[in-house]
Amino acid sequence: MAAPAVQISPFSHPKTNTNTPLSLVPKCSTLREIKQIHAFSIKTHLQYDISVLTKLINFCTSNPTSTSMDYAHHLFDQIPHPDIVVFNTVARGYARSGTPFRAISLFSHVLCAGLFPDDYTFPSLLKACAGSKALEEGKQLHCFAIKFGLHLNIYVCPTLINMYTECNDLDAARRVFDKKTDPCVVIHNAMIKGYARSSRPNEALALFREMQASNVKPTDVTMLCALSSCALLGALDLGKWIHEYVKKNRFDRYVKVNTALIDMYAKCGSLEDAVSVFENMSDKDTQAWSAIIVAYATHGHCSKAISMFEEMKRARIRPDDITFLGLLYACSHAGFVEEGCNYFYSMSEKYGIAPGIKHYGCMIDLLGRSGRLEEAYNFIDELPIKPTPIFWRTLLSACGSHGDVDMGMRVLKRIFELDDSHGGDYVIISNLCARAGRWEDVDYLRKLMRSRGVVKIPGCSSIEVNNVVHEFFSGDGERSVSTVLHQAVDELVEELKLAGYVPDTSLVFHSNMEDKEREVSLRYHSEKLAIAYGLLNTAPGATIRVVKNLRVCGDCHSAAKYISLIFNRHIILRDVQRFHHFKEGKCSCGDYW
């Protein structure tokens, strides 16, 4: 239904009547109503009145859309002699819109008209550069800010840091940060957030500690960044310490901080703590419910994730895109294909939520993991958006799991049309061909990798012991300076063999390697090194938590089950796809992974 028109008396006069057009602006809810007021101002010869135009521009930029910003720009152009305050309003609108770079273009015009920026101008322009990844223009604005003596301003400095981090120049961001001599929480937050968002959690946490030593009082934003960094590292002990800090300083009154705690605990492998935080929250919004659903899904408690969604609906909390991401994830890892398809289609049909790239990826994984490879292939081909290489890689991984060489070759061709530089693609298809005995194809693919300069991403696993995160790379055991760890892995494997473990040398695809050489190749995978380190350096019976950058291999998965049984350890291994809880010789994934 169309919004009712704002009623304006033709006999009212803006200077004498209290019901003036300007007094009606706060009551407007649509651009159509603003246009009516603008039309009336033209009839009453106020079309060039800067106070009228400023109020109209303020409305258009308060919740910027493409249409409203076009109209704001049109109104700005009507002002004979605009001042910098009005420009700042338009620039702020553009910076928060889908076309942020237009703020930069407009700035070049007002400079030519003789306007000079103030300390409110640069934050909006730098935010526009960040939004449009315009690094060169951002550098020019930085120079301009220096020229005007505003580069260390409390409003300008944080946005400079944010601009550089959003444009992937962390070193420049740090140089800006280091030039600020007066400690300031806003500037610290900007730098910590930059590190966290750029997947450099160690630097983020180091700066958080420096911040505390300098007596700068953190805010809820600081806590969000510190917790997300712990989540990236899988640093549970440090995360627990930050949780105590949160409670002591009453940051737990913020729903967003509690939600970040749920996410941190879930990603650090402690589902119990994540559930405890959720259950103790007095107020739970959509994001909190979504976080706990995702937590259950990634830890393999798929039925529980679905039941939490039912509770969410009973609580009359409307789901969002993250909620459905968790549900699709749960269905994918449990093999609930029909349920997953129902959730996917109900997103748009029942809740009006348009699927995003991650939802499409989950659907491809859901179909591929269950062996419906042709259906997954057609799903990608019929998408309303251009398929990304990740979609095809998800299907390629499924081809590897199901041993379908022909489909794998079809998918590889589609990947290479988009990107031929990812080492993992060559490894998956090479291993697939090797299992089928197609050694000529294996040799061809390895030569192709070398000719294109493609390298395999090394497996890396980390474990936190006594608040220190230790990293291990696949193969480290063969050349590691730690003789103790080297020997520990060798002894561990021999002990596992006595319990029935058989190294799966079929996973090592080299036609000219003997079985013994293949076994040695498997022995020093990064997750085995990390688990062995955990056995050596934690108390008997203590939980071992490992984070891996790639998917856990089948042999390490088998070894971890035996280790959990023999040493009576709960091993929680987080790989790139999910959590695996190894306990008493079994894994929470039920070997469906």
Side-chain angles (χ1 to χ4, degrees), residues 61 83-96 100-101 103-108 110-112 114-198 200-226 228-229:
T61 58
D83 59 23
I84 196 63
V85 175
V86 184
F87 168 78
N88 290 346
T89 303
V90 178
R92 187 162 54 248
Y94 272 132
R96 293 164 52 227
F101 194 79
I104 312 300
S105 304
L106 184 60
F107 181 58
S108 64
V110 299
L111 277 179
C112 294
L115 280 184
F116 291 100
D118 61 15
D119 50 353
Y120 291 100
T121 308
F122 288 103
S124 295
L125 294 176
L126 290 166
K127 185 176 180 180
C129 289
S132 50
K133 300 291 188 286
L135 179 59
E136 290 307 313
E137 289 78 4
K139 287 180 178 178
Q140 292 174 33
L141 285 169
H142 188 179
C143 293
F144 212 36
I146 294 171
K147 181 179 178 181
F148 280 84
L150 294 170
H151 59 297
L152 298 180
N153 179 275
I154 187 63
Y155 301 111
V156 178
C157 191
T159 49
L160 267 171
I161 293 169
N162 182 64
M163 182 275 294
Y164 279 119
T165 57
E166 288 294 316
C167 293
N168 300 314
D169 193 344
L170 267 291
D171 293 336
R174 184 65 196 229
R175 286 194 294 272
V176 173
F177 175 83
D178 289 339
K179 283 186 171 66
K180 185 68 177 174
T181 54
D182 301 326
C184 167
V185 67
V186 178
I187 293 171
H188 271 83
N189 284 349
M191 194 68 242
I192 293 171
K193 185 192 293 185
Y195 279 134
R197 286 186 172 178
S198 301
R200 288 168 63 170
N202 286 312
E203 289 98 326
L205 292 169
L207 192 55
F208 172 61
R209 293 189 189 96
E210 286 178 29
M211 181 180 179
Q212 291 177 301
S214 64
N215 294 318
V216 176
K217 193 172 181 180
T219 66
D220 57 315
V221 174
T222 320
M223 295 298 104
L224 294 174
C225 297
S228 70
S229 297

Side chains of Asn162 and Thr159: do they bring a donor and an acceptor to under 3.5 Å?
-> no
Passes side-chain contact (heavy atoms from CB on, under 4.5 Å), Glu210 versus Leu207? Steps please.
-> CA-CA 5 Å; Glu210 286 178 29; Leu207 192 55; 3.6 Å; yes
For the residue pair Thr219 and Val185, what are the closest heavy atoms and their distance?
-> CG2-CG2, 3.6 Å
Is any side-chain heavy atom of Asn189 closer than 4.5 Å to a side-chain heavy atom of Pro158?
-> no
All heavy atoms of Ala172 vs all of Asp169, minimum pair found to be N-OD1, 3.2 Å
Specify whether Phe116 and Phe148 have parallel, tilted or perpendicular ring planes, treating 30° as the upper limit for parallel and 60° as the lower limit for perpendicular.
-> tilted
Residue pair Cys129 / Cys167: nearest heavy atoms and the distance that separates them = O-SG, 4.1 Å
Side-chain heavy atoms of Pro117 within contact of Phe122, under 4.5 Å = yes
Could you grab the distance from atom SG of Cys225 to atom CZ of Phe208, nearest 0.5 Å is fine?
-> 10.5 Å
Closest non-hydrogen atoms of Pro123 and Val156, given as atom of the first, atom of the second and distance, are CD-CG2, 4.2 Å
Residues in ring pair (Phe, Tyr, Trp, His ring centres under 6.0 Å) contact with Phe101, at least two apart in sequence or another chain | none
Considering only heavy atoms from C-beta outward, does the side chain of Arg92 approach that of Thr89 to under 4.5 Å?
-> yes
Looking at CG of Asp119 and CG of Asn153, how far apart are the two atoms once the value is rounded to the nearest 0.5 Å?
-> 4.5 Å
For the residue pair Phe107 and Phe144, categorise the inter-ring angle as parallel (less than 30°), tilted (30 to 60°) or perpendicular (more than 60°).
-> perpendicular
Looking at Arg174, Arg175, Lys180, which hits side chain to side chain donor-acceptor pair (under 3.5 Å) with Asp178?
-> Arg174
Return yes if some donor-acceptor pair links the side-chain N/O of Ser214 with the main-chain N/O of Met211 below 3.5 Å, else return no.
-> yes
Nearest-0.5 Å distance, CZ of residue Phe177 to OG1 of residue Thr165 | 13.0 Å
Could you give the side-chain donor-acceptor pairs of residues 130-143 under 3.5 Å, partners two or more places apart or in another chain?
residue, atom, partner, partner atom, Å
Ser132, OG, Ala128, O, 2.7
His142, ND1, Tyr164, OH, 2.8

Can you name the nearest heavy-atom pair linking Ala95 to Ser124, along with the distance?
-> CB-O, 3.4 Å
So which pairs with a foot in residues 140-150 pass salt bridge (charged side-chain N to carboxylate O under 4.0 Å, His left out), sequence neighbours left out?
-> none
Under a 4.5 Å cut-off applied to non-hydrogen side-chain atoms, are Phe87 and Leu111 in contact?
-> no
Residue among Asp83, Thr61, Thr121 satisfying side chain to side chain donor-acceptor pair (under 3.5 Å) with Asn88 = Thr121
Sidechain N-carboxylate O distance under 4.0 Å for Glu166, Arg197 = yes
Beyond-backbone contact of Leu160 with His151, side-chain heavy atoms, under 4.5 angstrom | yes
How close do Ile154 and Cys184 get, heavy atom to heavy atom, and via which atoms?
-> CD1-SG, 3.0 Å
State, with a plain yes or no, whether a side-chain heavy atom of Lys127 is found less than 4.5 Å away from one of Pro100.
-> no
Answer whether the closest heavy-atom distance between the side chains of Lys179 and Leu152 falls below 4.5 Å.
-> yes
Got a donor-acceptor contact below 3.5 angstrom from the Ser198 side chain to the Arg200 backbone?
-> no
